[in-house]
Amino acid sequence: MAPSNQMAIEKLSEDLLMEILWRLPVKSLLQLKSVCKNWYALIQSPNFIYLHHDRAASIAAAANTHCLLVKRFLNGGEGGVTLSFVPNETPVEDMDISSTGLDVKDLQILGPCNGVVCLTRFGSSPPIVLCNPSMKEFRVLPESSYKKDHMCNLGFGFVPYTNDYKVVRFGMKSTDLGIGGIDEAIEIYDLSTDSWREVDAESPVEFGFQCFYDSYVVWNGDFFWHTYHQRDGSPAIMAFSMSNEVFEEMPMPEVCLLDQYSEQKLFVLKNSLAMVVYPKWWSNPFMLPPEEFPLKKSFDIWVMNEEDIEVSWTKKFTIGPFQGIDWALGFRQNGEFLVESGYGQMMSYNLNTSERKEYQVHDQVEDHEHDLPPPPYVQVLPYTETLVSVKRL
């Protein structure tokens, strides 16, 4: 056989192998890494990892089999808090994160970004943990030199041209009136070096951070959060570019600027930034449960337009009115709208077919106080498994 034909066959065999392997789940691929050195090198290669994650997302979208990563509060927190997988048709699978040293009751999840999430505590005190849930991998970040007497806050993201994951850490100054501006010191952790470094970035001192519960996202590798102007309390969207390492204010939907008393939540809908606007819980004057106070809520879904020279927003959907729905939780990759109903029960609403689906992620909360509005009892992240290792150096 001519050398050129032999090379063509070898190339074809490699292409066929790639076609077979990137269709397999992470669990199977981790086992196949031990077959031979060539397979190990192939499965470990950045190109294969990227193609596998991209293919897994496409297959899940077509088959509507997206997994959800859920922080579940049991009985309003009295029964504990867990981090769990909620696949489409299989039982809930809880994750053991006890080895990380995180207090699960104060758990905050940033991400996901290419299948990796950042786990921390509210207030962002140590430890900070990078996690690949599909591989059950954890990396506890080294402590930074940040002032221990400051309330620290985090952003998380990815730089594609360096294939590196970053955590940005900055804090809030304490004042006589409470929490003030962002501190001058800004630190960034790079997974590639497993170390923190201080950066000379201009701080957006007039803004607060994450004052809206769970209203933050990773989008196109950068971190975005829903906050407010300290001078007048008006809402704002801030972004931190992981590539350029700078802060930037983003435009808000005009309705959010006019109506500061609505609930406003920042999400990602089919690769676009989205803002969901709906009535606050305290529009129920006596904080009664839904069966005693039949409040009906409609949800307006605004999507950011990137094609325009100036960024703008368009209202794409109005969902509802629904009775007994408390909080917007986000979107699955196929566009299903996720909400919380009945103190911790999760429901999805298909934007195309109007079909509803209940998710029994945990026991319903029965005992609750009526004098304070209840927080969301679940945090939900659409998730696609990945081979990205957070243990790499």
Side-chain angles (χ1 to χ4, degrees), residues 6-63 65-69 83-100 109 111-119 129-142 156-167 189-195 218 221 333 381-393:
Q6 180 67 35
M7 292 175 61
I9 291 175
E10 290 177 355
K11 177 62 176 177
L12 178 62
S13 299
E14 181 179 330
D15 290 343
L16 286 174
L17 179 62
M18 284 278 288
E19 183 70 26
I20 293 171
L21 290 181
W22 70 36
R23 294 174 179 267
L24 299 178
V26 164
K27 184 177 181 180
S28 299
L29 290 170
L30 294 178
Q31 297 172 340
L32 291 174
K33 284 168 61 175
S34 61
V35 170
C36 64
K37 292 183 179 179
N38 288 341
W39 284 30
Y40 180 89
L42 174 63
I43 295 171
Q44 286 285 97
S45 67
N47 184 54
F48 180 86
I49 291 173
Y50 168 79
L51 289 173
H52 178 267
H53 180 74
D54 186 62
R55 186 63 175 265
S58 299
I59 292 174
T65 56
H66 301 98
C67 181
L68 297 174
L69 189 63
L83 182 61
S84 310
F85 275 119
V86 182
N88 197 46
E89 299 294 345
T90 55
V92 171
E93 177 186 353
D94 294 333
M95 292 179 58
D96 182 8
I97 63 173
S98 59
S99 62
T100 65
I109 311 173
C113 184
N114 302 330
V116 177
V117 296
C118 179
L119 307 178
V129 180
L130 293 185
C131 169
N132 178 339
S134 51
M135 292 172 61
K136 306 297 191 295
E137 272 193 5
F138 302 93
R139 172 180 284 279
V140 180
L141 274 56
F156 171 60
F158 176 72
V159 182
Y161 62 83
T162 61
N163 193 34
D164 201 10
Y165 293 83
K166 294 184 178 182
V167 177
Y189 168 88
D190 302 286
L191 177 59
S192 58
T193 62
D194 190 35
S195 62
V218 177
Q333 284 98 327
L381 302 173
Y383 185 79
T384 301
E385 64 177 10
T386 185
L387 286 160
V388 172
S389 175
V390 297
K391 292 185 177 180
R392 65 177 184 173
L393 272 181

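Quantities reported herein were computed from a predicted structural model and do not represent experimental measurements. All residue numbers refer to positions in the sequence shown, counting from 1. What's counted below: heavy atoms across the whole structure, side chains too, no hydrogens, waters or symmetry copies.
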Exercise for review: Please collect all side-chain hydrogen bond (donor to acceptor under 3.5 Å, both in side chains) contacts where either partner lies in residues 24-41, sequence neighbours excluded, each pair once.
Suggested key: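 For residues 24-41: Lys33-Gln44.
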Practice item. To the nearest 0.5 Å, tell me how far Met135 CE sits from Ser389 OG. Key: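 Nearest 0.5 Å value for the CE-OG distance: 5.0 Å.
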Practice item. Would you give the length of the straight line joining atom CZ of Arg139 to atom CG of Asp194, rounded to the nearest 0.5 angstrom? Key: 4.5 Å
Exercise for review: Indicate yes or no for a side-chain donor-acceptor contact from Asp164 to the backbone of Asp190 under 3.5 Å, with no hydrogens or angles considered.
Suggested key: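 Side chain of Asp164 to backbone of Asp190, a donor-acceptor pair under 3.5 Å: no, none is there.
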Check your understanding: Looking at residues at least two apart in the chain, or sitting in another chain, which of them share a side-chain contact (heavy atoms from CB on, under 4.5 Å) with Phe48?
Key -> Met18, Leu21, Trp22, Leu29, Leu42, Ile43, Ser45, His52, Leu387
Check your understanding: Can you name the side-chain contact (heavy atoms from CB on, under 4.5 Å) partners of Val167, sequence neighbours left out?
Key -> Cys118, Leu130, Leu141, Leu154, Phe156, Tyr189, Trp196
Review point. For Tyr165 and Val388, what are the C-alpha separation, side-chain angles and deciding distance, and is it a side chain to side chain contact (heavy atoms under 4.5 Å, CB included)?
Key: CA-CA 10 Å; Tyr165 293 83; Val388 172; 3.6 Å; yes
Shortest non-hydrogen separation from [X] to [Y] and the atoms involved:
X: Phe138; Y: Cys131; answer: CE2-SG, 3.5 Å
X: Thr384; Y: His53; answer: O-CE1, 3.4 Å
X: Pro112; Y: Pro382; answer: CG-O, 3.2 Å
X: Asn163; Y: Pro46; answer: ND2-CB, 4.2 Å
X: Cys113; Y: Gly157; answer: SG-C, 4.2 Å
X: Pro133; Y: Gly115; answer: CD-O, 3.5 Å

Check your understanding: Are Leu68 and Leu381 close enough, and set up right, to give a side chain to side chain contact (heavy atoms under 4.5 Å, CB included), and what steps lead you there?
Key -> CA-CA 6 Å; Leu68 297 174; Leu381 302 173; over 6 Å; no
**Study point:** Partner set under salt bridge (charged side-chain N to carboxylate O under 4.0 Å, His left out) for Asp54, not counting sequence neighbours
**Key:**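 Checked Asp54 against salt bridge (charged side-chain N to carboxylate O under 4.0 Å, His left out); zero matches.
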**Study point:** side-chain hydrogen bond (donor to acceptor under 3.5 Å, both in side chains) partners for Asn132, two or more places apart
**Key:** Ser134, Tyr383
